Structure formats: structure tokens, C-alpha cells
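A note on names: the letters A, B, ... follow the listed sequences, proteins ahead of strands, and every chain is numbered from 1. Fair warning: this is a prediction, and the values are worked out from it, not measured in the lab.
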Amino acid sequence: MGIEIEQPCVELSNVAVSETHGEDSPYFAGWKAYDENPYDELSNPSGVIQMGLAENQVSFDLLEKYLEEHPEASTWGKGAPGFRENALFQDYHGLKTFRTAMATFMEKVRGGRVKFDPQRVVLTAGATAANELLTFILANPGDALLVPTPYYPGFDRDLRWRTGVNIVPIHCDSLNNFQITPEALECAYKDAEAMNFKVRGVLITNPSNPLGITIPRSVLEEILDFVTRKNIHLVSDEIYSGSVFSSSEFTSVAEILEGREYKNAERVHIVYSLSKDLGLPGFRVGTIYSYNDKVVTTARRMSSFTLISSQTQHLLASMLSDEKFTENYIETNRERLRKRYEMIIEGLRSAGIECLKGNAGLFCWMNMSPLLEKPTREGELKLWNAILHQVKLNISPGSSCHSSEPGWFRVCFANMTEHTLEIALQRIRHFVERIRTQTESV
Amino acid sequence: MVLGGKSQQLLSKIATNDKHGENSPYFDGWKAYDRNPFHPTNNPQGVIQMGLAENQLCFDLIEEWIRNNPKASICTPEGLHQFRNIANFQDYHGLQEFRNAMANFMSKVRGGRVRFDPERILMSGGATGANELIMFCLADPGDAFMIPTPFYPGFVRDLCWRTGMQLIPVHSDSSNNFKITREALEAAYKKAKEDNINVKGLIITNPSNPLGTTLDKDTLKSLVSFTNEKNIHLVCDEIYAATVFSSPNYVSVAEVIQEVEHCKRELIHVIYSLSKDMGFPGFRVGIVYSFNDEVVNCGRKMSSFGLVSSQTQHMLASMLSDENFVTRFLKENSRRLEKRHDKFMKGLEEVNITRFPSNAGLFCWMNLKSLLKEPTFEDELKLWRVIIHEVKLNVSPGSSFNCSEPGWFRVCFANMDDETVDIALNRIRAFVGRETKKPLGMKRWQPNLSLSFSSRMFDETAVMSPHSPIPTSPLVRAT
């Protein structure tokens with residue numbers, strides 16, 4: 001800040017001074033290192049390569065092509081006649097065409113296996129807002145949500161910061177490929193009770209971030225049975241549903257509900273966004289799809305704090321209602337992500353690094369535990385530091401995702417060109433070789 | 001997908017309380033409008049919307065600018081090359097050029113008398129989001145902010161719903177022209193202390209909604225000294241800053257800061273938005289500008305929950321940094337508002353309706369006390385329902401603004417064309433004419449006499465259905 005201001009003499013709120021915004025995590029520290037020294041193919045080839053940001057940059061050309069071919073659909077028309085209606089539109093129901101287009105798009109992403117009612121789509125400025133909003137609605141301060149580990153670091157802020165709600169982890173580990181088990185669910189529930197937290201729900205991310213895998217149908221059924229037994233909610237964050245490499249491998253909780261004829265559905269809520277599947281994080285497009293009428297109504301009212309710009313709704317309404325475009329996009333995007341995934345897996349394997357077998361997402365879950373000096377969180381952070389400052393790769397340490405086993409790292413692969421990915425893989429290979437040589441010579 | 005009764009208990013207290021504010025009778029007017037909206041040719045007998053503070057007077061200027069600046073859009077051939085960078089940009093600092101343009105615009109709106117630092121500009125989901133955000137930063141659940149009445153009804157939701165904060169009204173009335181006096185502030189503060197309420201600050205709207213007036217420099221200075229003295233925050237919602245159309249000139253709190261000796265700047269925060277000044281409520285451009293470093297830091301992180309779409313940031317960065325355009329726009333906007341205001345005032349004067357003299361805003365504060373049988377809020381609401389259902393104008397009753405005296409109504413006039421203003425004035429003239437012709441002593445109006453609508457609409461005990469089937473109801477803000 002330019003102006004020198006004396007220290008404030010009146011207190012801010014507890015929320016303001018708490019650290020629950022989570023930004024002191026190494027997850028974010030790596031970003032800072034990147035910001036200070038960002039890799040650029042030409043101007044800064046030895047800079048830090050950003051592999052900690054789960055962005056999808058592989059399919060922009062498809063979006064650009066659409067806009068080139070449909071200028072009248074996306075601007076306000078020649079002479080901007082639709083401008084004023086659009087600029088004035090602040091109805092929290094959202095543009096009907098947009099809501100309908102979102103519902104249709106969500107159906108397409110699920111291969112048409114389930115239907116979504118546009119009346120149940122609530123719009124928010126990003127999934128960040130959607131997750132926070134749902135938490136405000138489903139839980140009181142001091143209550144708890146159960147979340148399987150490892151999980152997206154941003155949840156610490158989104159679910160807890162202003163809501164005052166706690167996260168109690170459902171521990172998952174590599175012994176069974178990080179699957180969520182009924183035992184782990186019960187254990188987490190008991191942990192919460194022991195801490196005197198009232199459990200209000202389970203929040204899963206499917207496909208999972210950071211694991212990059214879809215949750216099997218049988219596990220989803222178990223989770224649904226669990227929340228029904230305990231009479232709590234289930235939030236399914238399906239933000240990566242369009243990033244599954246093969247459509248048939250993803251089962252949405254919506255499909256399970258349909259199979260059960262929507263019995264007990266009013267406890268289930270789905271979060272979605274266009275930030276990952278369409279690569280549009282800047283546009284702030286999130287949605288809540290709830291099977292609970294009261295949640296839909298309340299969420300809609302609350303969305304007043306975080307509506308999607310009508311300009312953006314207008315643009316996307318036309319794009320997402322073009323079925324030919326969306327079908328082609330979804331298929332092409334999947335294919336490109338799959339290819340990218342295979343490239344990085346192969347590259348890592350040739351460096352002797354194994355990953356969890358993934359089938360979705362913009363990242364892979366890499367196992368570097370053999371390279372740890374000590375199999376502890378400290379050991380993991382030491383290795384992470386070395387990778388950040390020596391290898392100049394920003395990857396995310398598992399501990400920042402609350403992983404209970406040290407040595408795992410999330411590595412993003414869809415936010416760069418293939419060439420940059422090659423360079424990153426080379427750097428990893430050299431680094432691993434160096435360490436192995438050092439260890440052997442000791 | 002049937003809602004089970006038992007699942008009601010599964011929701012939070014916030015979800016099940018009334019603080020969203022939509023159960024106010026205030027919304028009945030909107031429903032009447034939604035069911036029967038006025039249209040000059042299709043529905044000339046419909047309800048005219050005068051409850052929505054929108055600015056529709058200058059869209060032609062903006063449309064012209066858009067036509068001439070295709071690069072400002074990322075969808076046009078000229079602007080497409082920027083698409084991926086903009087679409088990918090989610091940094092909560094916001095686009096630098098957007099922040100620069102906003103700082104510049106805010107300065108221009110204040111006649112260049114004060115400069116704003118782009119590094120202090122935080123984004124949020126409209127002023128709705130901005131007001132909530134600042135409260136999350138300044139107050140804990142149970143804390144309180146003082147607020148002069150009458151005030152914008154949406155504040156109850158925006159400031160209190162999810163924050164758990166409470167509002168302490170500081171009453172003013174027409175006997176002293178609704179002035180916010182030091183005595184009233186001191187009294188309210190003292191009482192709060194006695195009641196063990198932790199007062200964290202004072203929030204004002206300047207220019208005022210619903211009064212349509214600007215605060216003079218001395219009053220502003222006294223508010224700054226009062227809050228400084230008590231060591232509490234001062235939040236100034238300046239959302240109507242560019243709607244000032246006649247003297248006295250606008251004075252922003254940012255200007256006063258420069259003039260108050262030993263001013264504790266870190267206690268001062270400005271809320272802004274483009275929804276009123278430019279007529280862009282749909283674009284959700286809310287700004288928090290704080291002179292407090294910690295608030296900027298924490299507020300910036302919080303803005304993740306309501307960032308402005310990068311597409312919109314990009315377009316506005318371009319538009320608002322066009323100095324010629326902005327100068328022309330601000331001048332023309334004021335001129336048209338003044339013209340509209342004067343036309344409307346003349347119409348009211350012709351039927352002896354007085355209104356609170358105003359120099360800003362998109363509305364006027366109309367005095368209908370003479371039409372009340374008894375000076376009670378009950379009668380105010382009865383009169384209001386007659387105006388909605390018989391006169392077919394959706395106006396806003398003063399009680400919904402927490403006004404301490406009955407008989408005042410806020411009437412918006414900038415959200416329609418000239419012809420509709422004429423029609424609205426005709427209806428008012430006809431109604432008042434009818435009312436004033438009745439012999440003295442007799443009930444001035446009898447709602448049950450000339451019913452030409454279903455009495456179902458008049459059922460004052462009807463519970464508002466949360467599933468209102470109104471597809472285009474602008475219930476998002478009770479403006």
C-alpha cells in the first residue's frame with residue numbers, strides 16, 4: 001500500500017483476524033514463488049512452472065471457434081439492441097435461457113443418463129460461493145461437515161471461514177486406493193461426536209480433487225445409505241464431471257437418486273461450475289442443484305450476494321444451448337485431457353515415479369514417498385521445498401490437502417502447452433536421478 | 001422430489017429465519033406488478049413499476065460506445081484474441097486495468113476532488129455483496145451498527161442475515177428535515193451501551209436512499225468526528241454518487257477525510273457500485289474501498305465469494321478509462337435526471353402533493369400524510385394497497401424503510417420513459433383529485449367500496465409462498 005497508516009486501534013471481526021482463510025498453507029506459498037519467477041518459454045525458460053493450479057487450458061480453441069462463427073449470438077446483436085435488458089437484469093432466478101442451458105449441459109456431461117430440472121438450478125459466482133452458500137444453509141456455526149481426505153485445500157476457507165462450521169476428515173489411504181469406506185465414515189462421525197460437533201452432512205468431490213479418480217457406484221450407494229441413516233445431508237461437488245476421460249466411468253449421485261426413484265433425495269445437493277470443464281474460471285459461473293425445495297428457495301435468495309454477471313449469462317446461454325457445439329466440446333475435451341494424462345503418467349513412470357491410477361481431472365496424484373528422507377509431514381515439506389526452489393516446479397504437497405499419508409503430491413497438467421509439460425517432466429527426471437545418485441553414493 | 005416436513009429441521013438457523021426479508025409486505029407491491037405489468041400498448045391498464053430504483057435514462061450513450069468499441073468485448077472479431085486470457089483470469093485482485101479504471105471513475109464522479117488508490121479497490125457481488133463483505137470484516141455475530149432512518153430495506157438482509165449482526169436505528173423525522181443529529185447519535189450510542197450491545201460502527205448512505213439528498217460537509221465532518229471519537233467504524237454507501245443533479249454539490253466522505261484533523265482513516269470505508277450511476281445492476285459490480293490496510297487484505301480474500309466476471313471487468317476497464325466518454329456520460333446523466341426529476345415534481349405540485357426537496361437519487365420521497373385517515377402505519381399500509389391495486393402504481397411505503405413517521409412514500413422515476421411518467425402522473429392526479437373531492441370528516445378512502453379486483457389480493461393475512469411462480473420477479477433486491 002502506498003500510504004502509511006498508523007496501526008488500527010479498533011478491532012476487526014474474529015472472522016477478519018482468523019487464519020481460516022487458509023492462505024498460509026504451502027498450497028499458496030508455492031503460488032507466490034511462481035508469481036515472483038514465472039516460467040515463460042522464451043523470456044524466462046528457467047522460471048517456476050506452475051503445476052499447482054488446476055486450470056483447463058487444453059480446449060480454448062473450441063470456444064474461440066464457436067465465438068468466431070456465432071458473433072450475433074454472443075454479443076448483444078448488431079447495434080447492441082439487447083444491451084439494456086441484459087444490463088438491467090438482476091433477477092436472482094437467473095436468465096431462463098441460461099439456467100436451461102446449464103441444466104442441459106449438465107445432462108450431456110452425464111451422457112444423458114439423468115435429467116436436471118432448470119427450476120432447481122441456483123446460480124452463484126463460482127463453485128467457491130456455491131460451497132460456502134450451501135454450508136450457510138445446511139449447518140450452524142460450530143457444526144461439522146465430514147469431508148474425505150485428501151481434499152481441495154480451498155475447502156478450509158470455503159466451508160469454514162465465514163460460516164464458523166468445522167470440517168472433520170473422513171480418512172482415506174493408499175491401502176485401498178483412497179476409497180471411502182463405511183468404516184471410515186462411521187469413524188469420522190464418531191470423531192465429530194467426540195469433539196462435540198453436530199454433524200450436518202458429508203461433502204464429497206466426485207471426480208475427486210486431488211486424487212483424479214471417480215467414485216465407484218457402489219461407494220456412492222454406501223455414502224447415500226450412510227447419510228440417510230444418520231439423517232444428514234450429502235453435498236456432491238461434481239465440478240470435474242466433464243473432465244472424466246471416458247464418460248462411462250463417471251456415475252453422478254443424480255443417477256443413483258434416479259435409480260432409487262428420488263426417495264430421500266431432499267438431503268442431496270450437487271455443486272457444479274464451468275471453471276474446470278470449460279476452462280472459464282474468470283467468468284465466475286457456479287451452480288447449486290438441490291433436490292430440496294426449501295434449499296433451492298433459500299439458496300436462491302442467498303445468491304443475491306453472489307450473482308453471475310448477466311453479461312456472462314447471456315454469452316454462455318447461447319453457447320451452451322448449441323447442442324452440436326456442446327457435444328463436440330465435451331467429447332474433444334475428454335480426449336485431450338486423456339492424452340495429456342497419459343503423457344504425464346508415462347513421463348513420470350520413466351523417471352521411476354508412480355501415480356494413483358486416475359481417470360479424471362486436470363491433475364494426477366503422484367507418489368514420491370520413496371524419495372522422502374523421513375516418512376513424515378516435515379519430510380514431505382522438505383521435499384516440496386526442494387522441488388519448488390531447485391527444480392522450479394510448483395506442485396501441491398499432500399499435506400496441504402490433508403492427506404494422512406506423507407509423500408503424495410498433486411501435479412496439474414492441463415494448464416500449460418505440451419512443450420512446457422515436456423520441460424517439466426525433464427526437470428523431474430533430472431531431479432529424481434540426482435537424488436537417486438546421491439542416495440546410492442551414501 | 002417431494003419436500004418432507006421432517007427435512008425442515010435439517011436446515012440451519014440462518015436458512016430458516018426471516019432475515020432474508022422477503023416476508024415483508026413490501027413485496028406484495030412487486031407481486032402485483034409481476035402479475036399485471038404495465039405496457040404502453042399491450043397492457044395500458046397494468047401496474048406501473050415505481051418501486052424499483054433503476055437508472056434507465058442513458059442507455060443510448062452506452063450502446064453507442066459499445067458499437068464503437070468492439071475491442072472491449074472478448075466475443076467480437078476485434079476482441080476475440082483476448083478471450084482465453086480473460087476467461088482464465090480469476091485473480092481476486094481483479095484486472096489491474098479494471099481497478100485503475102474504477103479508481104479513475106470514482107474520482108471523476110467526485111469532480112476530481114479526491115484520488116482513489118487502485119490497490120485499495122476490492123470487488124464483490126454488487127453493492128449487496130460489498131455491504132455484506134464489509135460487515136463480515138468489521139463485526140462479529142451479535143455486534144451492532146447504527147443506521148439512520150429511513151434506510152434501504154435491503155440492508156436488513158445485506159448487513160445482518162448471514163453475519164448475525166444487528167442494526168440500531170437512529171431516528172430522524174421531518175420536523176428537522178430528517179437530519180442526522182449529533183444528539184440522536186449520542187443517544188442511540190448511549191442506549192446501546194446500557195443495553196450491553198457492542199456497537200462497531202455507523203453506516204450511512206450518501207446520497208440518501210430514500211430521501212434523495214446529499215449530506216452537507218459539516219454533517220459529514222460531524223459523523224467522522226463522532227465515529228472517530230467513539231473509536232468505531234464509519235461505512236459510507238456512496239452508490240448514488242453520480243445521480244446528483246443539482247446543488248448542493250456532492251461531498252464524499254473521502255473528501256472530508258482530507259479535511260478533518262487527526263482523522264483516523266483506518267476507521268473509514270466506502271461502498272460503491274455501478275448499478276445505479278450507470279444502470280448496470282445485472283453486471284454485479286460492487287466495490288469495497290477501505291482506508292484500513294487489514295480490511296483491504298482480508299476483504300480481498302473474501303472477495304473470492306463474489307468476484308466480478310472477468311468478461312465484465314474487461315469491458316468496463318475499457319469503457320471507464322475512456323475519459324471523453326465518462327465526462328460526457330456523467331454530465332448527460334445528471335442533466336437527464338434533473339429533467340426527469342423536475343417533470344415529476346411539477347406533476348405532483350399540480351395536485352398539491354408535497355415531497356421532500358431532493359438533489360440526487362432515482363426517486364422522490366413523497367408526502368401523502370394528508371391522505372391518511374389516522375397518522376398510523378396501519379393506515380399507511382392501507383393507503384399503499386389502494387395505490388397498488390386501484391391506482392396501479394407500485395410505490396414503496398415509508399414503513400418499509402423504517403421511517404419513524406407514517407405517510408411517506410418513495411416513488412422511483414428513472415426507470416421508465418417520458419410517456420409512462422405522464423401516465424403515472426395522470427393516475428396520481430386522478431386519484432388525489434377523487435380523494436380530495438370527498439367531504440371533510442368522511443373517510444377519505446374506503447378500500448372496500450370500489451373493488452374491481454378479486455378480494456383475494458386484498459387478503460392481508462396471506463402468507464407469501466416461497467415458491468412464488470413469478471419467473472421474472474426482480475426479488476433479488478428490495479430497492
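- For a residue to count as touching a neighbouring chain, one of its non-hydrogen atoms must lie under 4.5 Å from one of that chain's; by this rule T312(B) touches chain A with backbone and side chain alike.
- Only the backbone of V308(B) comes within contact range of chain A, with at least one heavy atom under 4.5 Å from a heavy atom of that chain.
- The minimum heavy-atom distance linking A127(A) with S273(A) is given by the pair CB-CB, 3.8 Å.
- Top candidate by heavy-atom pairs under 4.5 Å with chain B, chosen from T298(A), I137(A), T163(A), is I137(A).
- The candidate with the highest count of non-hydrogen atom pairs below 4.5 Å against chain B, out of N140(A), N415(A), T306(A), L280(A), is N140(A).
- With a 4.5 angstrom heavy-atom cutoff, R157(A) touches chain B via backbone and side-chain atoms both.
- For R260(A), the CZ atom is densely surrounded, since the number of other residues' heavy atoms within 6.0 Å is greater than 12.
- Looking only at side-chain heavy atoms (C-beta outward), K264(B) and T227(B) stay at 4.5 Å or farther from each other.
- When H314(B), M302(B), R162(B), Q90(B) are compared by the number of non-hydrogen pairs under 4.5 Å with chain A, R162(B) comes out ahead.
- Put simply, of S310(B), G282(B), G286(B), the one with the most heavy-atom pairs under 4.5 Å next to chain A is G282(B).
- The side-chain hydrogen bond (donor to acceptor under 3.5 Å, both in side chains) with H233(A) is formed by just one residue from the set R200(A), R267(A), H269(A); it is H269(A).
- Proximity to chain B is absent for every atom of N131(A), based on heavy atoms less than 4.5 angstrom apart.
- Closest non-hydrogen pair, M165(B) versus F145(B), comes out as SD-N, 3.4 Å.
- With a 4.5 angstrom heavy-atom cutoff, D158(A) touches chain B via backbone and side-chain atoms both.
- Of the two parts of L95(B), neither the backbone nor the side chain holds a non-hydrogen atom closer than 4.5 Å to a non-hydrogen atom of chain A.
- In this model, no donor atom of one side chain and acceptor atom of the other lie less than 3.5 Å apart for S309(B) and S309(A).
- Here the shortest heavy-atom pairing between E64(A) and L80(B) reads O-CD2, 3.6 Å.
- Contact tally against chain B (heavy-atom pairs below 4.5 Å) for L257(A), L88(A), V15(A), L63(A): the top residue is L88(A).
- By the 30° and 60° cut-offs, the orientation of the rings of H70(A) relative to Y66(A) is parallel.
- L53(A) touches chain B through its side chain: at least one heavy atom from C-beta onward sits under 4.5 Å away, while N, CA, C and O do not.
- Comparing M302(A), R300(A), E68(A), Q119(A) by how many heavy-atom pairs each has under 4.5 Å with chain B, the most go to M302(A).
- Residues passing the salt bridge (Lys or Arg N to Asp or Glu O under 4.0 Å) test with E55(A): none are found, sequence neighbours excluded.
- Atom NZ of K301(B) has more than 12 neighbouring heavy atoms from other residues, nucleotides or ligands inside a 6.0 Å radius.
- Of the residues considered (R162(A), Q313(A), H21(A), Q57(A)), R162(A) shows the highest number of contacts with chain B, using heavy-atom pairs under 4.5 Å.
- Heavy atoms closer than 4.5 Å to chain B are found in the backbone of I308(A), but not in its side chain.
- When G279(B), G306(B), S304(B) are compared by the number of non-hydrogen pairs under 4.5 Å with chain A, S304(B) comes out ahead.
- Only the backbone of F89(B) has a heavy atom closer than 4.5 Å to any heavy atom of chain A.
- Contact record, R157(B) with F305(A): O-CZ, 3.8 Å, taken as the closest heavy-atom pair.
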